[in-house]
Amino acid sequence: MRYLPVFLDLQSGKVLLVGAGELARAKLRLLAAAGAQVRWYATDGDHDLAGLASVDAARIELAEGDPLSADLSGIIAILCAGAGDIGVAMSGRAKAVGLPVNVMDDLAHSTFIFPAIVDRGDVVVAVGTGGTSPVVARRIRERIEAVLPARIGDLATFIGSFRKAIHARIPEFALRRRFWERVIDGPIGALVLAGRKGEAEKALNEITDPSAFAGASKDGKAEGRVTLVGAGPGDPDLLTIKALRALQDADIVFYDELVSPEILDRARRDASRVPVGRRVGKPGIGQDAINRLLIEAAKAGQRAVRLKGGDPFIFGRGGEEIEVLRAAGVAYSVVPGITAGLGAAAQFEAPLTFRHEALRITFLTAHKAKDAEAVDWSVLTDRKMTIVIYMGMTAAPSVRAGLLAAGRLPQTPVGVFARVTRPDAKAVVGTLQNLPALVEKIDGGPAILIIGDVVAHSAPWRQSNLNQVISKVLDAAE
């Protein structure tokens, strides 16, 4: 993010506009809609204000002379639209005195840019693309316009009118936030959005105990809870809607090492973020310490999210954590996520089941060689069973040895799927007898091993066969 979105108070001074033609008048209309005071230097001498309401035109000062020698006292920003070379010169002057400047379609000489804007009164949404593609920003704005309620600005104004009164009745910040969340998400908010403001005011005034309405405990404090959230295999677009809501409501997020930064960015901006994961071969804080942190956060009245890669209940130790939370009397809930095995199957078209070929699936973990050695491989030799192994890179030689010793065929198709659903995902396919060599080709994990005939239906397997055919044809041609 190169450009930080900010909202400029146009009531604090004048905006200097330099330029001519429809480009300058478009900026005038935008500034007028925001109630700005404008000093306009029309570089072609044409100060035509046709199309502007008289109240807006009254706030526009029609300036004469050279804008390069204009008095900049009281100016809060400079805009150049249709100004030609004068715009570049004005940019240098603005930068010399520390004034924000925008030269239309000229990023090199601008210190701020105009976003695409969704205007709903007190609610304004700005969409920017760093100035690289206004068309993309406009398309995003169109989508937001389609889903944003027409009266969302009225809801913001409604809440603003009650804020001081509720602040006086609920001194605790966390409880106030939850109070307004329940107002916005509940019947009162729905009444405002339906245009029934009077009924909404009556309903809010009838709340006799705002703290209780906000969900306070018996001592009047915010009640904490823990939500175990599955972050999925890496692609933030695979988060469930429920997971996204939990992240937006969280006061604190305890996250694993495998949770991507893009997913963490979906959490509420002012939520605390605490890393509690570990990588292979590196020390972590330990499960007991994580349990204590979760309990302490909940008992302090915080809404804590335990954010895990994949799904909390598939090798995510979610079951252990809820047992500890239950014993401590902490409220909790679980939001499932897409486990990495399913993510790999979907991305690389490796069906984990296939009619008449694969009727069963076994998920297992082989974090270390000794884990693989402890597996009873004799129950995993059925050709109609697909085996999905998590954290199996280090133990790949032991996995191969165990399955071959139990009778699984050396030619059994296998796939090593690394960093699934992420931009740097990679797949290598081959046969069971070559499994350790395949693992060495993926350039690091995390990785999922899929073993079974279904791998022969995957896209990488088909591509591998195609490459072999092409190679044979080329050899024959030589």
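Atom CZ of Arg143 has 12 or fewer heavy atoms from other residues, nucleotides or ligands within 6.0 Å. Within a 6.0 Å radius of CZ in Arg360, other residues, nucleotides and ligands contribute more than 12 heavy atoms. A 6.0 Å sphere centred on CZ of Arg326 holds more than 12 heavy atoms belonging to other residues, nucleotides or ligands. Taking a 6.0 Å sphere around CZ of Arg141, one finds it holds more than 12 heavy atoms contributed by other residues, nucleotides or ligands. Other residues, nucleotides and ligands contribute more than 12 heavy atoms inside 6.0 Å of the CG atom of Asp424.
Between Lys299 and Glu223, no side-chain nitrogen of the basic residue sits less than 4.0 Å from a carboxylate oxygen of the acidic one, so the salt-bridge criterion is not met. Contact check on Asp256 versus Arg317 returns no salt bridge, with no Lys/Arg side-chain nitrogen under 4.0 Å from an Asp/Glu carboxylate oxygen. Electrostatic pairing of Asp453 and Arg383 counts as a salt bridge here, judged by a charged N lying under 4.0 Å from a carboxylate O. The pair Asp382-Lys384 does not meet the salt-bridge criterion, since no charged nitrogen lies less than 4.0 angstrom from a carboxylate oxygen. Between Glu321 and Lys308 there is a salt bridge, since a side-chain N of the basic residue sits under 4.0 Å from a carboxylate O of the acidic one. Salt bridge status for Glu22 with Arg29: present, with a side-chain N to carboxylate O gap under 4.0 Å. Under the 4.0 Å criterion applied to side-chain N and carboxylate O atoms, Arg178 and Asp249 are not assigned as salt-bridge partners.
Under the 4.5 Å side-chain criterion, counting only non-hydrogen atoms from C-beta, Leu325 is in contact with Leu228. The shortest distance between side-chain heavy atoms of Leu404 and Pro410 falls below 4.5 Å. By the 4.5 Å heavy-atom criterion applied to side chains, Gln302 and Glu296 are not counted as neighbours. Contact of the Val334 side chain with the Phe313 side chain is registered, since non-hydrogen atoms from C-beta on lie closer than 4.5 Å. Looking at heavy atoms from C-beta onward, Leu438 lies out of side-chain contact with Val429 at the 4.5 angstrom threshold. Two residues are said to be in side-chain contact when any heavy atoms from C-beta on lie closer than 4.5 Å; Cys80 and Ile78 meet this criterion. Counting heavy atoms from C-beta outward, Leu79 and Leu16 have side chains that stay 4.5 Å or more apart. Side-chain contact check for Leu409 versus Leu432: every heavy-atom pair is 4.5 Å or farther apart.
Of all non-hydrogen atoms in Phe254 and Ala304, the two that sit nearest each other are CE1-CB, 4.0 Å. Across all non-hydrogen atoms, the minimal contact from Val455 to Ile450 is CG2-O, 3.4 Å. Taking each heavy atom of Phe417 and Ala427 in turn, the nearest pair found is CD2-CB, 3.5 Å. Listed here is the closest heavy atom pair of Ser110 and Val103: OG-N, 2.8 Å. Among all heavy-atom pairs drawn from Leu238 and Thr421, the shortest one is CD1-CG2, 3.8 Å. Heavy atoms only, all atoms of each residue included: Met393 and Gly444 are closest at CE-C, 4.1 Å.
Taken to the nearest 0.5 Å, the CG atom of Leu175 stands 5.5 Å off from the OG atom of Ser211. One distance of note links CE of Met385 with CG of Leu352; it measures 13.0 Å at 0.5 Å rounding. Atom CZ of residue Arg138 and atom OG1 of residue Thr129 lie 11.0 Å apart, to the nearest 0.5 angstrom. Rounding to the nearest 0.5 angstrom, the gap separating the CZ atom in Arg303 from the CD atom in Glu181 is 4.0 Å. Taken to the nearest 0.5 Å, the CG atom of Leu293 stands 5.0 Å off from the CD1 atom of Ile285. Note: Leu17 CG to Lys27 NZ = 9.0 Å, rounded to the nearest 0.5 Å.
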Q. So Ile314 and Tyr390, side chain to side chain contact (heavy atoms under 4.5 Å, CB included) or not? Walk me through it.
A. CA-CA 10 Å; Ile314 298 182; Tyr390 290 70; 3.9 Å; yes
Q: Check the pair Arg266, Asp237 against salt bridge (charged side-chain N to carboxylate O under 4.0 Å, His left out), reporting the backbone distance first and the verdict last.
A: CA-CA 10 Å; Arg266 304 295 175 97; Asp237 286 342; 3.7 Å; yes
Q. ring-ring contact (aromatic ring centres under 6.0 Å, His included) between Phe114 and Phe112: does it pass, once the steps are laid out?
A. CA-CA 7 Å; Phe114 276 91; Phe112 75 95; 5.7 Å; yes
**Q.** Residue pair Tyr255, Val305: steps toward the side chain to side chain contact (heavy atoms under 4.5 Å, CB included) verdict
**A.** CA-CA 8 Å; Tyr255 63 95; Val305 163; over 6 Å; no
Q: Please lay out, stage by stage, how Leu449 and Val414 fare under the test side chain to side chain contact (heavy atoms under 4.5 Å, CB included).
A: CA-CA 7 Å; Leu449 313 181; Val414 301; over 6 Å; no
**Q.** side chain to side chain contact (heavy atoms under 4.5 Å, CB included) between Ile338 and Asp311, worked out
**A.** CA-CA 6 Å; Ile338 295 175; Asp311 181 272; over 6 Å; no
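Looking only at distances, a side-chain donor or acceptor of Lys426 sits under 3.5 Å from a matching main-chain atom of Lys441. Checking side-chain atoms of Thr386 against main-chain N and O of Thr353 turns up no donor-acceptor pair under 3.5 Å. Arg400 contributes a side-chain N or O that, together with a main-chain N or O of Gln433, makes up a donor-acceptor pair within less than 3.5 Å. Remark: the backbone N or O of Ala243 is paired with a side-chain donor or acceptor of Thr240 at under 3.5 angstrom. Checked by atom type and distance alone, the side chain of Arg268 pairs as donor or acceptor with a backbone atom of Ala250 at under 3.5 Å. No donor-acceptor pair under 3.5 Å is formed between the side chain of Arg408 and the backbone N or O of Leu403. Not a single donor-acceptor pair under 3.5 Å links the side chain of Tyr332 to the backbone N or O of Glu323. Within the 3.5 Å criterion, the main-chain N or O of His457 finds a donor-acceptor partner in the side chain of Arg462.
Listed by first then second residue, pairs satisfying salt bridge (charged side-chain N to carboxylate O under 4.0 Å, His left out) with a partner in residues 95-108 number zero, not counting sequence neighbours. The salt bridge (charged side-chain N to carboxylate O under 4.0 Å, His left out) contacts involving residues 113-128 comprise Arg120-Glu145, where partners must be two or more places apart or lie in separate chains.
Of the residues Thr431, Ile389, Leu380, the one that meets the side-chain contact (heavy atoms from CB on, under 4.5 Å) test with Ile451 is Ile389.
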